[in-house]
2 protein chains.
Amino acid sequence: MEKSTQGAANDAQVIAPFRSHAHDHGQCVVEAIAAAESRCEKDGSSFTPLRRQVLELVWSSHEPVGAYELLEKLRRSRRKAAPPTVYRALDFLMEHGLIHRIESLNAYVGCGDPERRHGGQFLICRDCQSVAELDDSAIDKAVARRADALGFDVQQQTVEIIGQCANCVSRGRNDR
Amino acid sequence: MEKSTQGAANDAQVIAPFRSHAHDHGQCVVEAIAAAESRCEKDGSSFTPLRRQVLELVWSSHEPVGAYELLEKLRRSRRKAAPPTVYRALDFLMEHGLIHRIESLNAYVGCGDPERRHGGQFLICRDCQSVAELDDSAIDKAVARRADALGFDVQQQTVEIIGQCANCVSRGRNDR
DNA sequence: CAAAATATGATATATTATAACATTCGGAGT
DNA sequence: ACTCCGAATGTTATAATATATCATATTTTG
Ligand SMILES: [Zn+2]
Ligand SMILES: [Zn+2]
Ligand SMILES: [Zn+2]
Ligand SMILES: [Zn+2]
């Protein structure tokens with residue numbers, strides 16, 4: 001288990017931090033699948049083998065994965081898979097809050113906390129492509145205040161911050 | 001000239017508000033083109049007829065426009081236009097801060113203030129598709145604080161808030 | 001003017017996503 | 001067990017968005 005430098009109240013707003021290269025990722029996958037089963041059971045929706053498999057593929061790392069990359073991997077074990085196979089599974093997973101779409105990358109990433117209702121806030125590292133998921137109430141509030149002032153009714157938020165993660169900053173990487 | 005309900009210091013953070021149906025949009029276009037000329041002159045880059053024309057097409061409304069929609073319009077007067085024609089112009093306009101790309105819509109919208117350096121913050125109305133551009137320092141600060149706490153170096157931000165604008169809320173529209 | 005850089009034209013193709021219809025499969029009700 | 005129904009997946013085709021590459025034209029520079 002990795003330990004953050006933030007306090008607990010603060011940590012709750014970091015749904016999924018940047019992870020070290022060495023972390024036990026198998027555990028991430030196990031937890032994600034368990035959360036998905038629980039979520040689908042509550043929703044009364046069926047978490048089929050196909051959907052489970054696509055979710056596992058999305059969770060193959062903490063980097064966003066494109067639909068056609070998923071398709072390629074999926075085909076290794078399910079030769080009949082076609083684009084609609086993947087997109088339908090992705091749609092299902094998104095509807096049930098199990099994954100998020102990263103708009104600026106046309107790619108998908110596992111949700112770190114499907115139990116909690118939240119909009120999408122992401123820090124995305126240009127160099128290592130990994131993603132941290134936030135649910136930062138200060139960002140939410142700032143957005144809500146401005147929206148209120150303009151009479152705008154917020155229904156969905158997309159916050160995607162591109163930059164360099166701490167690992168990559170310290171290594172002085174400058175890949176792109 | 002439309003008057004806002006916000007104070008001046010606050011207004012500076014709303015780069016482009018939602019506009020009434022009846023506003024003088026010709027004036028918006030004139031100002032945008034003038035700002036673009038000024039910007040390109042400062043940058044020592046050439047604001048060619050093609051680029052000007054594409055910018056005018058982007059500014060044909062306050063709604064984001066897709067590249068192929070621009071291409072179609074462009075072809076009316078420039079029959080040789082092809083996808084690269086439009087995409088190259090869009091790239092140029094983005095590099096010089098004259099337009100922004102709305103990632104969640106794969107579409108482009110004119111920038112309300114090319115003189116000022118700013119990341120992209122947008123309120124997007126689901127119903128009437130119009131867009132307001134923000135440069136809200138509270139949002140910026142909230143993002144910066146969280147990023148700092150995680151050692152993340154912010155290079156670019158994408159904030160796209162979907163919802164209903166005040167006009168559409170008051171009309172009780174529920175198109176989609 | 002010649003060379004080099006910039007801008008646009010032209011053709012082809014890559015990447016991402018959806019439409020439409022067919023088939024399979026598992027339960028609900030008979 | 002049989003039939004119907006609806007959900008899930010299979011299958012084929014195509015739409016929508018974006019880029020690669022090379023050719024040509026135009027402008028800038030020495
Ligand atoms: Zn992990
Ligand atoms: Zn990184
Ligand atoms: Zn206008
Ligand atoms: Zn509206």
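Computed from a prediction, not measured in an experiment: that's the story for all the values here. Lettering follows sequence order; numbering is per chain, from 1.
With rounding to the nearest 0.5 Å, the separation of NE2 in B:H118 from SG in B:C111 is 3.5 Å. With values rounded to the nearest 0.5 angstrom, A:I161 atom CD1 is found 6.5 Å from A:I139 atom CD1.
Salt bridge A:D91/A:R88: absent, no basic N to carboxylate O contact under 4.0 Å. The existence of a salt bridge linking B:E37 and B:R39 is excluded, since no basic side-chain nitrogen approaches an acidic carboxylate oxygen closer than 4.0 Å.
Between B:Y108 and B:H100, the distance from one ring center to the other does not fall under 6.0 angstrom.
Here B:A138 pairs with A:A142, B:D136 under the side-chain contact (heavy atoms from CB on, under 4.5 Å) rule; sequence neighbours left out. Take B:F92 and apply the ring-ring contact (aromatic ring centres under 6.0 Å, His included) test, not counting sequence neighbours, and it matches B:H96.
The overall bend of the helix from C:dC1-D:dG30 to C:dT30-D:dA1, read as the angle between its terminal helix axes built from five base pairs each, is 20° when rounded to 10 degrees.
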Before giving the answer on side chain to side chain donor-acceptor pair (under 3.5 Å), spell out for B:Q157 and B:Q121 the whole-Å C-alpha distance, their side-chain angles and the decisive distance to 0.1 Å. CA-CA 8 Å; B:Q157 73 170 217; B:Q121 300 175 348; 2.8 Å; yes

Determine, stepwise, if the pair A:E103 / B:N106 fulfils side chain to side chain donor-acceptor pair (under 3.5 Å). CA-CA 9 Å; A:E103 297 291 349; B:N106 295 334; over 6 Å; no

Please assess B:D113 against B:R116 for the test salt bridge (Lys or Arg N to Asp or Glu O under 4.0 Å), listing each intermediate value before the final yes or no. CA-CA 6 Å; B:D113 187 359; B:R116 231 160 111 190; 3.7 Å; yes

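Rounding to whole angstrom units, OH of residue B:Y87 and P of C:dA14 are separated by 17 Å. Rounded to whole Å, the distance from CG on B:N106 to P on C:dA17 is 8 Å. Here C:dT15 presents its P atom at 16 Å from CZ of A:R101, a figure rounded to the nearest Å.
Mapping heavy-atom proximity under 4.0 Å, the span of DNA chain D touched by chain A runs 5' to 3' from D:dA8 to D:dT12.
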Base contacts versus sugar-phosphate-only contacts with protein, heavy atoms under 4.0 Å: please encode nucleotides 7-12 of chain C as B, S and - from 5' to 3'. SBBBB-

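With A:V109 as the partner, the side chain to side chain contact (heavy atoms under 4.5 Å, CB included) test is satisfied by one option alone out of A:V65, A:I99, A:I124, A:I102: A:I102.
No side-chain donor-acceptor contact under 3.5 Å links B:E63 and B:S130. No donor-acceptor contact under 3.5 angstrom links the side chains of B:R126 and B:Q164, judged on distance only.
Within a heavy-atom distance below 4.0 Å of DNA chain D, no residue of residues 53-72 of chain A is found.
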